[in-house]
Amino acid sequence: MIRPLGDRVVVKPLPSEEVTKSGIVLPDTAKEKPQQGEVVAVGSGRLLDNGQRVAIDLKAGDKVLFSKYAGNDIKIDEVEYLILREMDILGVIE
Amino acid sequence: MIRPLGDRVVVKPLPSEEVTKSGIVLPDTAKEKPQQGEVVAVGSGRLLDNGQRVAIDLKAGDKVLFSKYAGNDIKIDEVEYLILREMDILGVIE
Amino acid sequence: MIRPLGDRVVVKPLPSEEVTKSGIVLPDTAKEKPQQGEVVAVGSGRLLDNGQRVAIDLKAGDKVLFSKYAGNDIKIDEVEYLILREMDILGVIE
Amino acid sequence: MIRPLGDRVVVKPLPSEEVTKSGIVLPDTAKEKPQQGEVVAVGSGRLLDNGQRVAIDLKAGDKVLFSKYAGNDIKIDEVEYLILREMDILGVIE
Amino acid sequence: MIRPLGDRVVVKPLPSEEVTKSGIVLPDTAKEKPQQGEVVAVGSGRLLDNGQRVAIDLKAGDKVLFSKYAGNDIKIDEVEYLILREMDILGVIE
Amino acid sequence: MIRPLGDRVVVKPLPSEEVTKSGIVLPDTAKEKPQQGEVVAVGSGRLLDNGQRVAIDLKAGDKVLFSKYAGNDIKIDEVEYLILREMDILGVIE
Amino acid sequence: MIRPLGDRVVVKPLPSEEVTKSGIVLPDTAKEKPQQGEVVAVGSGRLLDNGQRVAIDLKAGDKVLFSKYAGNDIKIDEVEYLILREMDILGVIE
């Protein structure tokens, strides 16, 4: 498995079917469209200039929306994942 | 529903009719025109460099003006929403 | 009315006649020319990194000069206003 | 008169004759040439991130050199002035 | 050997065969693909603005993923290495 | 004379003959070549975000190397000077 | 000799023969290739925003790797040197 560093999270993108099931659809407009995924692992968090480490406000299993063009792709045991920064996560689907 | 992260807010854009009713019209000029909407959910707020979390100065139900090209579109149960940063909100209509 | 957020102010631009009356004329040169207006509402102020909120050094009724291309236009009850950041205000006419 | 905000100063540009009298001439080279002027009013000063206001190191009457393309033009009672940031002032002629 | 300065690490890139063995494959997509390597040496860490030195969250022997275009190449005794900043390391393979 | 503001220094550029005498020659390469000069006046120093003023590590009479394209030209009593920021000074010739 | 200011160091670039002797070769790839040199003089160090001066983690005699296109060339008594910032030094050869 991957342990993300600092303010990074590993996310498994969700295919379109699951997206429809949760009632959330990403419209086809001119603006940047977010994508859905499930958090798989979270880093230790961002380090503030005063030396304080800020825990990432996410946990494994969270369904999240993230900016479509953010992050780095990676494939582990034939499954695709994304490594994103916490700031690329827009919100949690609850 | 969406729980926005950090300094983000979820806003439901208002159609033009409601805009007229409140007496506010966005003129057609060369400058960037703001758009109106209703706050649906607010994040936990921006984190300062000293570790202090600053609550967003908005609450669900607030009618707000925001920069037209800001944010990410999303559709939940056939309703369109926007995920914006607090700094993209210009003001509250009172 | 509009309650501006943070370091923003709502300004009502002054037409050219009033500008002449106050003895201030904006010359026609190659440099960016400021515009005059009257402050209508001020936000709660900018937030410093130490968590201190700094009140805006302006009050409703102040006649101000501001950068011509700054801010967002808005029309309330047929009157045009501008939403500006405090840093776009150059000075107060006294 | 104009009360400049924050780290801004109002400067009255000096015509070329006065420049010659003080023994300072701005050469005609490829580099950016500074211009001379007299400080007319100073703002309350820049605000540091720790909340401390730093008085501008200039007073009305100071003859200053400033970057030629800096600032905003304004004309008061037929006299031209410039609104500059303190950081655009290179030095004081003593 | 190289002692990296500050927030830098020396990494020995891993050839594709070892990558396959660990079950991690880097897919061929439009996004930037990370590369794998083994940490060989770590610097003393980043210095915060408060004067605190933050140890790098990595140790020699760690298998890491890093951004493909990051860092500087160097060859020591016929072996190629990369000098990267800690922020170019995406995560640790565990 | 000129009193430079903040982190600025006034430098009198040295002609090429003096440069040769001190044994330092600026080679003709693709990289940016520094120029030599003598410090004539120094400002009060840079102001840190904590409100502390940091004295400039230079004094009148110091021979310095500076980046060739930095600063503003000025001519006082037929002598050419440069107003530079302390950070444009590369080092002192001792 | 040159006394570098602040976070700068004076480095004497090493010719290719010495590079080979130490067993380190800089490969010919598309990435930016570092260059080797010997530290001749170090400045007083970078100044943090809290007023603390941070000594440069290098001393005269250190063999260093640095980014090829960094710094300013200078020739003293017919010998070529480079003035670099500490952050352009990638690591020390030990």
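Just so we're on the same page: letters track the sequence lines, and every chain starts at 1. Predicted model, so just to flag it, every value in this text is computed and none were measured.
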Between [atom1] of [X] and [atom2] of [Y], what distance do you get to the nearest 0.5 Å?
X       : Y       : atom1 : atom2 : value
B:Asp57 : C:Arg3  : CG    : CZ    : 4.5 Å
B:Leu65 : C:Leu5  : CG    : CG    : 9.5 Å
B:Leu48 : C:Asn50 : CG    : CG    : 8.5 Å
C:Ile83 : B:Leu90 : CD1   : CG    : 5.0 Å

Handout entry: Part of C:Leu47 lying under 4.5 Å from any heavy atom of chain B
Key = both
Handout entry: Residue part contacting chain C, namely of B:Val54, when any heavy atom lies under 4.5 Å
Key = side chain
Handout entry: Atom group of B:Gln52 that falls short of 4.5 Å from chain C, counting heavy atoms
Key = side chain
